[in-house]
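Notes for the one structure printed next.
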There are 2 protein chains.
Amino acid sequence: MKTMTIYDVAQKAGVSIATVSKVINRNGRISEKTRERIMQIMAEMGYVPNLVASALSSKRTYMIGLLLPDISNPYFAELARNIEDRAHELGYNVVICNTDNQIDKESDYLTFLQQKSVDGILMATGLAHPQSLGLILEKKLPIALIARDAPQLAVNSVYVDDFMGGYLAASHLLSLGHRRIGIIVESMELESSRQRLKGYRSALDEFHCPYDEQWVSVSDFSIVSGIEVAGRLLDRKIRPTAIFACNDLLAIGSIQAARSRGISVPEGLSVVGFDNTFLCGMVDPALTTVGQPIRELARNAVDLLHRQLLGEEQPKQRIVLLPELVLRKSTQRYGSFETVGDINL
Amino acid sequence: MKTMTIYDVAQKAGVSIATVSKVINRNGRISEKTRERIMQIMAEMGYVPNLVASALSSKRTYMIGLLLPDISNPYFAELARNIEDRAHELGYNVVICNTDNQIDKESDYLTFLQQKSVDGILMATGLAHPQSLGLILEKKLPIALIARDAPQLAVNSVYVDDFMGGYLAASHLLSLGHRRIGIIVESMELESSRQRLKGYRSALDEFHCPYDEQWVSVSDFSIVSGIEVAGRLLDRKIRPTAIFACNDLLAIGSIQAARSRGISVPEGLSVVGFDNTFLCGMVDPALTTVGQPIRELARNAVDLLHRQLLGEEQPKQRIVLLPELVLRKSTQRYGSFETVGDINL
DNA sequence: GTGAAAGCGCTAACAC
DNA sequence: GTGTTAGCGCTTTCAC
């Protein structure tokens, strides 16, 4: 069955292809009568427009590229889901690109996406290397950054207030009486990590608790890394009574590290995570965490991009959403229970 | 900066566009000398071919569509990750489509993908409604099914031996001495669920343990559903001593249902999951499960599709991979410990 | 080895 | 309101 074109429809309807094109794109002046007749004919024939051809002349592909480190990470999976939902509502398809935070994969994908003429790009990779970004900006490809970095460059972005998140986590622990609070950050390369750390320090200051660098550890995104880094923290002679992990995976790793050392959570160690992925309710004890409004993050980012695509000449903007503390079972007042098998000094 | 075309390159190189096209696609006869010179010039100019135009004439977009129920489900996220990895290696981008198992969303996406002329489609949705499939097959759009259904239709597919998976899970529990084994299936619509149930029955037979329908419950994919359904099972006067849940999420839900009733796992209840997602190592107790070779599933599916795209006229095939039991901490011999707070008859 | 030219299927002026 | 036509940027015969 040969695939049909707009010519076939035009012929069958006894009109020109321009007319058909106009009813497809519902623009131009068309009498209601011929409009309906043509719609009817298209339906009968089972005609579907070829969007590649359409894209070539109209310069719009209705596709957006989504760059993220790894979609198998629950945080990014949830983000991707919400992004795809919103994009689909607006008539766009999304192409996923796993960069593993590698700069060469990142620019590789960027080149591909550019060649394929995606209408816009959403970056949730956090790193956003200047050279990659430069490439895009130069080509005037609409872009929006999500959830992480908001570098010096003038690009649209949507993210949570990481400083506040760090502050919320630390002050929660401090107000529970904790004073030796370990913090595990994802990477010092990330602006988000730096901000969360600053928030943590700010809370410390407010509680007149001295900042001590020995309590800050750098990790990466993975759970195994969380186990390892938290393990090192817990093997100290003087060990922390609480850990603030900069993502839920690291927090879960911390719980596991504690458990394998016979330290129970929250009795022997309080743990706070970040992101509020669905994992929090899944582990035991359920994880207290700093919640990111993932859905809103996603929606706002897509909408921001969409407005650019519509050609609305709006000023570049940064949308900052506020995180909130989600209390569950992994934190408790320091010293409120007799700790068993616990050698805290 | 106006975007360049093949004409600009041809002009600068003093050759025709046909020649340039040939060096880009490394086909046709081109002298090594001019080839290099043109490559050089393209690099200097920063020229990148427009793949939309290329697609319009060559009929190949180097994009494949991936339909799945929900990418925020860890199983599908891992699958998607591996699919994207392999596709990327082969030079393809992947467009994700979340169907939520709704037939209208499914056919909606299918229409879109067809209009965008993706080179092929990967379906991991399990349902694969005949009408949707018919649409694709009719258009001769290459397709491969993953991980779930393998209906009557002649389509390529890759999946695990679900019967064997069910058998493995049940016989593990039976050999531990369990006789009242609840099974929670995702949906009776799914061939995979039916097969797993058959495997379960087969193991029962082998152990001369009578099959009793009261032990089989139907659920959906979610953890909340797992909690609910497992809860009903556990609230029976005579309750099961083990539960075989047809995915890890349901298994985790079962553990939570048990915990909230004061039943500990594995002492008061053994639980086996299915899929072997990374969640298994994350919960307490770590989950014994039937492992799917997700990576191989993904690779094989992409390769199968790829071979079709290359036009290799191969017979349709079904690749069946074998699952394996992954032992962790959520199962134990029935009766080997005094059960506490347990009213088993 | 290289080039001319006819599409691929559609959009968007512009003319009528 | 509807039709004509010139592209969009590339691939691909088929001459030379």
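- Of the residues in residues 44-65 of chain A, those lying under 4.0 Å from DNA chain D by heavy-atom distance are Leu56(A), Ser57(A), Lys59(A).
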What protein N or O atoms touch nucleotides 2-4 of chain C N or O atoms at under 3.5 angstrom, if any, and at what distances?
unit_1: dT2(C); atom_1: OP2; unit_2: Ser31(B); atom_2: N; d: 3.0
unit_1: dT2(C); atom_1: OP2; unit_2: Thr34(B); atom_2: OG1; d: 3.0
unit_1: dG3(C); atom_1: OP2; unit_2: Ser16(B); atom_2: N; d: 2.9
unit_1: dG3(C); atom_1: OP2; unit_2: Ser16(B); atom_2: OG; d: 3.4
unit_1: dG3(C); atom_1: OP2; unit_2: Thr19(B); atom_2: OG1; d: 2.5
unit_1: dG3(C); atom_1: O6; unit_2: Lys22(B); atom_2: NZ; d: 2.7

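- In the helix from dG1(C)-dC16(D) to dC16(C)-dG1(D), the terminal helix axes, each the rotation mapping four pairs' C1' atoms onto the next four within five end pairs, subtend 30°, rounded to 10°.
- We find that CE of Met4(B) is positioned 17 Å from C1' of dC8(D), with the value rounded to whole Å.
- Applying the salt bridge (Lys or Arg N to Asp or Glu O under 4.0 Å) rule to pairs touching residues 13-22 of chain A yields nothing, sequence neighbours excluded.
- The stretch residues 60-70 of chain A participates, sequence neighbours left out, in these salt bridge (Lys or Arg N to Asp or Glu O under 4.0 Å) pairs: Asp70(A)-Arg81(B).
- Judged as a salt bridge (charged side-chain N to carboxylate O under 4.0 Å, His left out), and not counting sequence neighbours, the contacts of Glu32(A) are Arg35(A).
- Residues Thr99(B) and Asn101(B) have side chains that never bring a donor and an acceptor to within less than 3.5 angstrom of each other.
- A search for side-chain hydrogen bond (donor to acceptor under 3.5 Å, both in side chains) contacts involving Ser58(A) returns nothing, not counting sequence neighbours.
- When the side-chain nitrogen and oxygen atoms of Ser21(B) are compared with OP1 and OP2 of dC10(D), none of them lie within a distance under 4.0 Å.
- Listed by chain and number, the residues in a salt bridge (charged side-chain N to carboxylate O under 4.0 Å, His left out) with Glu186(A) are Arg148(A) (sequence neighbours excluded).
- Summarising the geometry of Asn98(B) relative to Ile71(B), their closest heavy-atom pair is ND2-N, 2.7 Å, with the distance given to 0.1 Å.
- Taking atom CD1 on Ile6(B) and atom P on dA5(C), their separation rounds to 17 Å, with Å as the unit.
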- Hey, mind stepping through Met39(A) and Val23(A) against side chain to side chain contact (heavy atoms under 4.5 Å, CB included) and telling me if it holds? CA-CA 8 Å; Met39(A) 292 290 269; Val23(A) 350; 3.9 Å; yes

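- If you take CG of Asn25(A) and P of dA13(C), they are 13 Å apart, rounded to a whole angstrom.
- Residues that satisfy the ring pair (Phe, Tyr, Trp, His ring centres under 6.0 Å) test with Tyr62(B), not counting sequence neighbours, are Tyr92(B).
- In this structure, a donor-acceptor pair under 3.5 Å is absent between the side chains of Gln292(A) and Tyr159(A).
- For Thr19(B), the side-chain hydrogen bond (donor to acceptor under 3.5 Å, both in side chains) partners two or more places apart in sequence, or in a different chain, are Ser16(B).
- Between the CZ atom of Arg26(B) and the P atom of dT11(D) there is a distance of 12 Å, given to the nearest Å.
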- Task: Could you walk me through whether Glu36(B) and Gln40(B) pass the side chain to side chain donor-acceptor pair (under 3.5 Å) test, one step at a time?
- Result: CA-CA 6 Å; Glu36(B) 276 175 10; Gln40(B) 169 76 14; over 6 Å; no

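- For the pair Glu36(B) CD and dG1(C) P, the computed distance is 14 Å after rounding to whole Å.
- Map Ile24(A) and Tyr7(B) each onto its nearest nucleotide of DNA chain C; the residue landing nearer the 5' end is Tyr7(B).
- For the pair Asn27(B) CG and dG1(C) P, the interatomic distance rounds to 14 Å; values are reported in whole Å.
- Residues from residues 108-121 of chain A placing a heavy atom under 4.0 Å of any atom in DNA chain C do not occur.
- Applying the salt bridge (charged side-chain N to carboxylate O under 4.0 Å, His left out) criterion to Glu89(B), with sequence neighbours excluded, gives Arg86(B), Arg299(B).
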